[in-house]
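Chain letters run A, B, ... following the sequence lines, proteins first, then strands; residues in each count from 1.
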Amino acid sequence: MISPTAVASPEQALPILLRGVVDLHVQEEFGRKLEKSFKSQVPLKVKAGFDPTSPDLHLGHCVLLKKLRQFQEMGHIVQFVIGDFTALIGDPTGRSEIRKPLTSQQIAENARTYADQVFRILLPDRTDVVFNSSWMNPLGVSGLIRLAALQTVARFLERDDFQKRMSERLPIHLHELLYPLIQGYDSVSLRSDVELGGSDQLFNLLVGRDLMRQHQMEPQVVLTLPLLVGVDGEKKMSKSLGNAVALEDGANEMFGRLMSIPDRLTASYATLLTDLDPSFLANMHPKEAKVLLAKAIVSQFHGVAESEKAEASFERVFSRREVPEEIPEYSVSQGPIRLSSVMVSIGAAKSETLAKQLIRQGAVDWNGQTVLDPFLLVSPAGDILKVGKRFYCRVNSTPPGT
RNA sequence: GGGGAGGUUCCCGAGUGGACAAAGGGAACAGACUGUAAAUCUGUCGCCAGACGGCUUCGGAGGUUCGAAUCCUCCCCUCCCCA
């Protein structure tokens with residue numbers, strides 16, 4: 001392992017830093033910057049921005065974070081930009097509709113939880129966490145207008161997202177055009193040497209290069225990384241699409257979600273998220289390979305012991321269909337009470353109607369017995385309730401009046 | 001500013017006076033099957049109700065009608081063309 005304070009030589013750094021990279025603008029500049037940094041031992045400033053629009057980071061973000069970590073290990077400094085100002089706009093990239101604006105309170109809240117999650121991967125002493133409001137607010141309206149004068153409408157509308165929206169007759173609001181400008185101006189303020197982003201960020205990143213040049217600065221080098229496909233195997237991983245694995249997910253949850261990805265994603269997950277050799281996995285039984293992958297990822301966030309427990313629990317619950325070792329416990333009012341009502345008060349079903357439907361469908365087990373009578377009365381006293389494949393709990397009753 | 005098209009259930013989208021809790025697709029959930037929480041097939045998918053039946057919903061507020069998602073009035077929002 002390289003000492004984190006020494007800047008590595010380009011020969012050493014390039015193969016690692018370029019692994020998995022989609023776009024590189026511009027190769028020669030990157031080489032020159034690495035060379036110069038190595039000679040002077042002045043680390044490069046590597047920027048990546050995150051919008052605190054949702055408090056939970058997921059594995060999709062990790063692709064980028066892992067790359068940033070590699071830069072840190074090569075001796076460079078990460079500029080971790082929290083887009084508290086840009087969050088007022090919302091990145092229109094890949095969006096078919098406008099984002100709902102967040103209150104400054106939500107933004108602050110989200111930003112706070114960010115740092116905790118991020119440092120599971122990044123090295124704290126090689127990371128500058130900065131908020132872009134700190135230079136955007138002083139810029140003021142006149143500054144923003146000067147900035148806007150540097151780019152043309154045609155160029156901004158060219159991009160795919162907007163073209164698509166226009167052809168689908170969906171609204172594009174004026175402020176959305178400002179997003180790339182502001183992201184680019186971040187790079188000007190920070191005098192970044194390199195900026196990383198997802199491959200869909202290329203436009204925004206390149207605007208940064210333009211603006212730096214227009215401010216008589218050496219433009220940043222731009223690197224983009226592949227977008228991680230979500231567990232549905234189709235769309236980009238995103239929380240709002242429900243196909244994400246959150247860093248905050250528990251070990252069991254994370255393991256299970258990873259096991260559910262289509263087999264063909266195993267290799268790309270391995271490449272982008274772990275140090276496993278994808279060609280090695282390709283020769284294994286697909287399920288074994290996926291187990292290995294899931295364990296490798298889970299252990300990064302929960303430790304090896306937890307990942308092994310998650311595997312055992314997965315085998316137990318899904319392969320052998322047994323009751324998990326640890327199940328939550330709930331108390332309901334004393335029986336006799338309808339099982340469907342128990343399910344609703346526990347949160348296993350949203351309404352009585354739904355609960356009865358589940359029972360009719362044979363989805364509900366009471367102490368290991370499938371219940372088919374939607375009107376069954378029970379008197380809970382430590383009984384085991386199973387709803388669907390995944391919901392298990394133990395039900396007790398509280399005497400009335402307590 | 002002028003002209004045209006729209007806003008439907010979680011999402012997309014049909015429906016233009018009763019047969020509409022509202023087609024179809026997607027998502028979600030369940031069952032079967034499976035190495036898997038994948039794929040596939042089947043079912044469910046507003047709320048309440050032990051079949052009957054009742055209640056709330058189609059941008060918002062009023063109105064016409066025995067009866068409205070559907071007609072009228074006003075308002076809000078979006079898209080397109082022209083200026």
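- Straight-line distance from the CG atom of A:Leu170 to the P atom of B:G6: 16 Å, rounded to whole Å.
- Looking at A:Gln201 and A:Gln183, their side chains do bring a donor and an acceptor atom within 3.5 Å of each other.
- Counting to the nearest Å, the P atom of B:A38 and the CD1 atom of A:Ile261 are 12 Å from each other.
- Put simply, CG on A:Leu292 is 15 Å from C1' on B:U36, counting in whole angstrom units.
- Of the C1' atoms belonging to B:C12 and B:G35, the separation is 35 Å, rounded to the nearest Å.
- The pairing partner recorded for B:G6 is B:C77, the criterion being a Watson-Crick or G-U wobble arrangement whose two distances lie under 3.5 angstrom.
- Between A:Ile172 and A:Phe314, the residue whose closest nucleotide on RNA chain B is further toward the 5' end is A:Phe314.
- In this structure, the CD atom of A:Glu352 is 16 Å from the P atom of B:G46, given to the nearest Å.
- Look at the P atom in both B:A27 and B:C80: the space between them is 30 Å, to the nearest Å.
- The partner of B:G1 is B:C82, by the rule that a Watson-Crick or G-U pair needs both atom distances under 3.5 Å.
- Every residue meeting the ring-ring contact (aromatic ring centres under 6.0 Å, His included) condition with A:Phe156, not counting sequence neighbours, appears here in chain and number order: A:Phe203.
- In this structure, A:Arg316 places its CZ atom 18 Å from C1' of B:A37, rounding to the nearest Å.
- Annotation: B:G3 and B:A68 have their C1' atoms spaced 30 Å apart (nearest Å).
- A:Asn252 comes within contact range of at least one nucleobase, with a heavy-atom separation under 4.0 Å.
- Side chain A:Asp373 to base B:G50: no donor-acceptor pair is found below 3.5 Å.
- Remark: P of B:C79 and CE of A:Met166 are 12 Å apart, rounded to the nearest angstrom.
- Nucleotides B:A22 and B:U16, compared at atom C1', are 13 Å apart to the nearest Å.
- Ring orientation note: the planes of A:Phe71 and A:Phe30 are tilted relative to one another, at an angle of 30° to 60°.
- A close approach under 4.0 Å does not occur between any side-chain nitrogen or oxygen of A:Lys350 and OP1 or OP2 of B:G46.
- For the P atoms, the distance linking B:C47 with B:U57 amounts to 15 Å, nearest Å.
- Under the side chain to side chain contact (heavy atoms under 4.5 Å, CB included) rule, A:His76 has a single partner from A:Leu34, A:Asp193, A:Val42, which is A:Leu34.
- Per the geometry, CZ belonging to A:Phe391 stands 16 Å off C1' belonging to B:A37, to the nearest Å.
- Two residues, A:Asp232 and A:Lys290, neighbour RNA chain B, and the one matched to the more 5' nucleotide by heavy-atom proximity is A:Lys290.
- The pair A:Lys287-A:Glu315 counts as a salt bridge, with a side-chain nitrogen and a carboxylate oxygen less than 4.0 angstrom apart.
- As rounded to the nearest Å, B:U70 and B:G2 have P atoms that lie 27 Å from one another.
- Of the candidate nucleotides B:A38, B:A37, B:C47, B:A38 has the atom lying nearest to any side-chain atom of A:Pro262.
- At least one side-chain nitrogen or oxygen of A:Arg338 sits closer than 4.0 Å to the OP1 or OP2 atom of B:G50.
- Taking the C1' atom of each, B:C76 and B:G15 are spaced 24 Å apart, rounded to whole Å.
- Between A:Phe314 and A:Val291, the closest side-chain pair of non-hydrogen atoms is not below 4.5 Å.
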Produce the list of close N/O pairs, under 3.5 Å, pairing protein atoms with atoms of nucleotides 27-34 of chain B; give distances to one decimal.
residue : atom : partner  : partner atom : Å
B:U34   : O4   : A:Arg321 : NH2          : 2.2

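- Comparing the P positions of B:G67 and B:G18 gives a spacing of 14 Å, expressed to the nearest Å.
- The side chain of A:Ser260 lies closest to B:A38 when the candidates are B:U44, B:G35, B:A38.
- The existence of a salt bridge linking A:Lys33 and A:Glu218 is confirmed by a sub-4.0 Å separation between a basic side-chain nitrogen and an acidic carboxylate oxygen.
- As a whole-Å value, the separation of A:Leu281 CG from B:G35 C1' is 16 Å.
- Sparse packing is recorded around CZ of A:Arg191, with 12 or fewer heavy atoms of other residues, nucleotides or ligands lying under 6.0 Å away.
- The partner of B:U40 is B:A32, by the rule that a Watson-Crick or G-U pair needs both atom distances under 3.5 Å.
- Taking a pair to require two hydrogen-bonding distances under 3.5 Å in either a Watson-Crick or a G-U wobble arrangement, B:G24 pairs with B:C12.
- Checking B:C66 for Watson-Crick or G-U wobble geometry (two distances, each under 3.5 Å) identifies B:G18 as its partner.
- Taking each heavy atom of A:Pro171 and A:Glu176 in turn, the nearest pair found is O-OE2, 4.3 Å.
- Side-chain N or O atoms of A:Glu306 include none that pairs as donor or acceptor with a backbone N or O of A:Ala251 at under 3.5 Å.
- Residue A:Glu288 is classed as having no contact, given no heavy-atom separation below 4.0 Å to the nucleic acid.
- The phosphate of B:A49 has neither OP1 nor OP2 within less than 4.0 Å of any side-chain N or O from A:Thr353.
- Here B:C55 sits opposite B:G46 as a Watson-Crick or G-U wobble pair (both hydrogen-bonding atom distances under 3.5 Å).
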